[in-house]
2 protein chains.
Amino acid sequence: MMFEATILEAENSTPLYIQLANHLRDHIHAGGIRSGSAIPSERDLCDQVGASRVTVRKAISRLIAEGLLFRKQGSGTFVSSQIEAPGSFLTGFTEETDARGESADTIWMMKSVAKPSEEEQVMLELSQGELVVRLGRVRLASGEPLAIEHAVIPQSILPDLDQLGASLYATLELLGSRPVTGTQKIRASLSTATEAALLSIDEGTEILRIERLTRRADDKPVEFTRSAYRGDRYVFVNKLRGPYANI
Amino acid sequence: MMFEATILEAENSTPLYIQLANHLRDHIHAGGIRSGSAIPSERDLCDQVGASRVTVRKAISRLIAEGLLFRKQGSGTFVSSQIEAPGSFLTGFTEETDARGESADTIWMMKSVAKPSEEEQVMLELSQGELVVRLGRVRLASGEPLAIEHAVIPQSILPDLDQLGASLYATLELLGSRPVTGTQKIRASLSTATEAALLSIDEGTEILRIERLTRRADDKPVEFTRSAYRGDRYVFVNKLRGPYANI
DNA sequence: AAGTGGTCTAGACCACATA
DNA sequence: ATGTGGTCTAGACCACTTC
């Protein structure tokens, strides 16, 4: 592989290391480097793109954080063998379903501004009197009901319900409230009569319940979502990565 | 807060940025800085400990990856408000149970070297004829059965069963095969008769099934574990972090 | 011995926040 | 205006892998 010095534009407001990471990612995805093969050494990349080694390492670290590359000291930096999707994170239902090759649909049950419950007030760290947006949805995969989702968002974060597009996460990103951390609680349970009706299953069938609280970089809670997934059709897949994969 | 230049030892083989991260973490946990308060600026830390800014930033990035700190551009670096446990990762049953303040116990059902099943051969990417170590355990929390775990490890990674201490993960770390990435599949299900007997529950009760494959930094599979948790007592808690929290 | 990633320095300029 | 984090450079030495 050989990059040209011209691929990085100093005038571009995007940091050099992100530009370089994007170029490398594109090149690898385009088949420029096979899985298991080494990318050029850090010093070679410095020469090729005209950047310092710190910058090159930062670009590589980003792709390592995504799971696309891994380093071997004294040997080189290599393309991971993973078949998996690239480093999306904190994905919503739509992205996840698309990634599995299924079509995602939504039946809206609720979309309103309301007073928070006591629990929601605590979870979302709301100030007295602050309102919330409630989103109730039945989620379909390949045309069949798969999950019930009930999301609660502080109104201060999503002041206008009309701003809400197809994807909640895409909307939040646009509004500068992209969630970057969170906590999920997952447990096995049995379906209630209401859930059974909405999901077209029998009452008392196994259900996977997921409770998710996500936060912005400044730790402000963004979204509290409770979901109930059909236990017979849904498997929660979870990629693990140690905190020090990159640093 | 004021650090002394003497806290960092150049002769120590531990990198400076890790020494500094450890000192900062200890200082914060000892109550030296309250949640929400700012730590000293990066340049101040440089002066105080006699390190370059790159090194100081790397130390801080590590603590951000752990979730202990967060940065606000133009403003400062602050201690996160979380009450949660520090940044352990890919935790095993023992660590997790301890963290909840419960006592963890184990009843061994199996500890042997055996031929892998076809599925295990594929999952663990074994070469022809390679054997595996099987560990079958009932896990107790506060004296009551909580889960059944069945772990499979390539014999090449754990050649001597006597090396196995109380914690599988601690042993793997010692052997240089610390898992750093992995994939988990979680689903809701109902207990079989055998599981019900082992867990002291009724047959057909809700069960949370977890399947986990972990890998080393060089992508070699380390451990394939299937677990069955009592649905009425166990909640799987999962912290989320975007890939770019640090870089 | 040569090449690779791992660590580290001492500067510099920019964008943003706070006052 | 000052201080903060965000980016970037051009070197250096070390530890490890490979030949």
Side-chain angles (χ1 to χ4, degrees), chain A residues 1 5 8-22 24 33 37-65 69-80 176 180 217-219 244-247, chain B residues 1 5 7-22 24 33 36-65 69-80 176 180 216-218 244-247:
Chain A
M1 178 177 67
L8 299 188
E9 308 159 8
E11 320 80 36
N12 192 327
S13 68
T14 309
L16 286 177
Y17 72 92
I18 293 181
Q19 291 185 47
L20 177 53
N22 291 341
L24 275 168
I33 307 177
S37 298
I39 66 169
S41 77
E42 295 173 353
R43 288 165 182 85
D44 281 356
L45 282 172
C46 292
D47 294 343
Q48 291 174 25
V49 303
S52 75
R53 201 166 149 221
V54 175
T55 304
V56 167
R57 276 183 70 81
K58 225 171 161 182
I60 291 173
S61 294
R62 218 176 149 80
L63 299 179
I64 289 173
L69 302 176
F70 64 97
R71 286 195 251 244
K72 271 172 98 166
Q73 178 169 170
S75 178
T77 302
F78 303 85
V79 178
S80 296
V180 296
D218 64 356
D219 265 13
Y244 306 138
N246 15 25
I247 307 167
Chain B
M1 179 177 68
I7 63 168
L8 300 188
E9 308 160 7
E11 320 80 36
N12 192 327
S13 67
T14 308
L16 286 177
Y17 72 93
I18 294 181
Q19 291 184 48
L20 177 53
N22 292 341
L24 275 169
I33 308 177
S37 298
I39 66 170
S41 76
E42 296 174 353
R43 288 164 182 85
D44 281 354
L45 282 172
C46 293
D47 295 343
Q48 290 175 27
V49 303
S52 74
R53 198 166 153 221
V54 175
T55 303
V56 167
R57 275 183 69 81
K58 226 171 161 182
I60 292 174
S61 294
R62 217 176 150 81
L63 298 179
I64 288 173
L69 302 176
F70 64 97
R71 286 195 250 245
K72 270 173 99 167
Q73 179 169 169
S75 179
T77 302
F78 303 85
V79 178
S80 295
V180 297
R216 297 196 304 216
D218 63 357
Y244 305 138
N246 15 28
I247 310 166

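The sequence lines fix the lettering, A, B, ..., with proteins before strands; numbering per chain opens at 1.
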K.L.:
Rounding to a whole Å, what distance do you find between A/Arg71:CZ and C/dG6:C1'?
P.N.:
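A/Arg71 atom CZ is separated from C/dG6 atom C1' by 9 Å.
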
K.L.:
Does B/Lys58 place a side-chain N or O at less than 4.0 Å from the phosphate oxygens OP1/OP2 of C/dC8?
P.N.:
no

K.L.:
Which residue lies toward the 5' end of DNA chain D, A/Ser52 or A/Gln73, if each is placed at its nearest nucleotide?
P.N.:
A/Ser52

K.L.:
Quick one: B/Leu63 CG to D/dG5 P, roughly how many Å, whole number?
P.N.:
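Rounding to the nearest Å, CG of B/Leu63 and P of D/dG5 are 14 Å apart.
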
K.L.:
Report yes if a side-chain nitrogen or oxygen of A/Arg53 is closer than 4.0 Å to either non-bridging phosphate oxygen (OP1 or OP2) of D/dA10; otherwise report no.
P.N.:
no

K.L.:
Among C/dC8, C/dG5, D/dG5, which is the nearest nucleotide to the side chain of A/Ser41?
P.N.:
C/dG5

K.L.:
If I compare all heavy atoms of A/Ile39 with all of A/Leu45, which pair ends up nearest, and what's the gap?
P.N.:
CD1-CD1, 4.3 Å

K.L.:
Return the value, rounded to whole Å, for the distance between atom CD1 of B/Ile64 and atom C1' of D/dG5.
P.N.:
10 Å

K.L.:
Taking only N and O in the side chain of B/Thr55, is any of them less than 4.0 Å away from OP1 or OP2 of C/dT7?
P.N.:
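For C/dT7, neither OP1 nor OP2 has a side-chain N or O of B/Thr55 closer than 4.0 Å.
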
K.L.:
Could you give the NZ-to-P distance, from A/Lys72 to C/dG5, as a whole number of Å?
P.N.:
12 Å

K.L.:
Which whole-number value in Å describes the distance from A/Arg43 CZ to D/dC14 P?
P.N.:
14 Å

K.L.:
Among D/dG6, C/dT7, C/dT18, which nucleotide has an atom closest to any side-chain atom of B/Tyr17?
P.N.:
C/dT7

K.L.:
What is the distance, rounded to the nearest whole Å, between atom CD1 of B/Ile18 and atom C1' of D/dA15?
P.N.:
14 Å

K.L.:
Keeping A/Glu42 on the side-chain end and A/Val56 on the backbone end, is there a donor-acceptor pair under 3.5 Å?
P.N.:
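Checked: no pair found.
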
K.L.:
Taking the side chain of A/Arg57 as heavy atoms from C-beta outward, which of D/dC8, C/dG5, C/dA17 is closest to it?
P.N.:
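The answer is C/dG5, which lies nearest to the side chain.
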
K.L.:
To the nearest 0.5 Å, what is the distance between CD on A/Gln19 and CG on A/Asn22?
P.N.:
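The CD atom of A/Gln19 sits 8.0 Å away from the CG atom of A/Asn22.
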
K.L.:
What closest approach, in Å, do A/Ser52 and A/Cys46 show between heavy atoms, and which atom pair accounts for it?
P.N.:
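A/Ser52 and A/Cys46 have their closest heavy atoms at C-SG, 3.7 Å.
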
K.L.:
Whole angstroms only, please: what is the CG-C1' distance between B/Leu45 and D/dG3?
P.N.:
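It works out to 14 Å between those atoms.
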
K.L.:
Starting at atom CZ of A/Phe70, determine the distance to atom C1' of C/dG6, rounded to an integer number of angstrom.
P.N.:
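Rounding to the nearest Å, CZ of A/Phe70 and C1' of C/dG6 are 17 Å apart.
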
K.L.:
CZ/A/Arg62 to CG/A/Leu24 distance, rounded to the nearest 0.5 angstrom?
P.N.:
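One finds 12.5 Å between CZ of A/Arg62 and CG of A/Leu24.
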
K.L.:
Counting side-chain heavy atoms from CB outward, which of D/dG5, D/dA12, D/dT4 is closest to B/Thr77?
P.N.:
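Looking only at heavy atoms from C-beta outward on B/Thr77, the closest nucleotide is D/dG5.
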
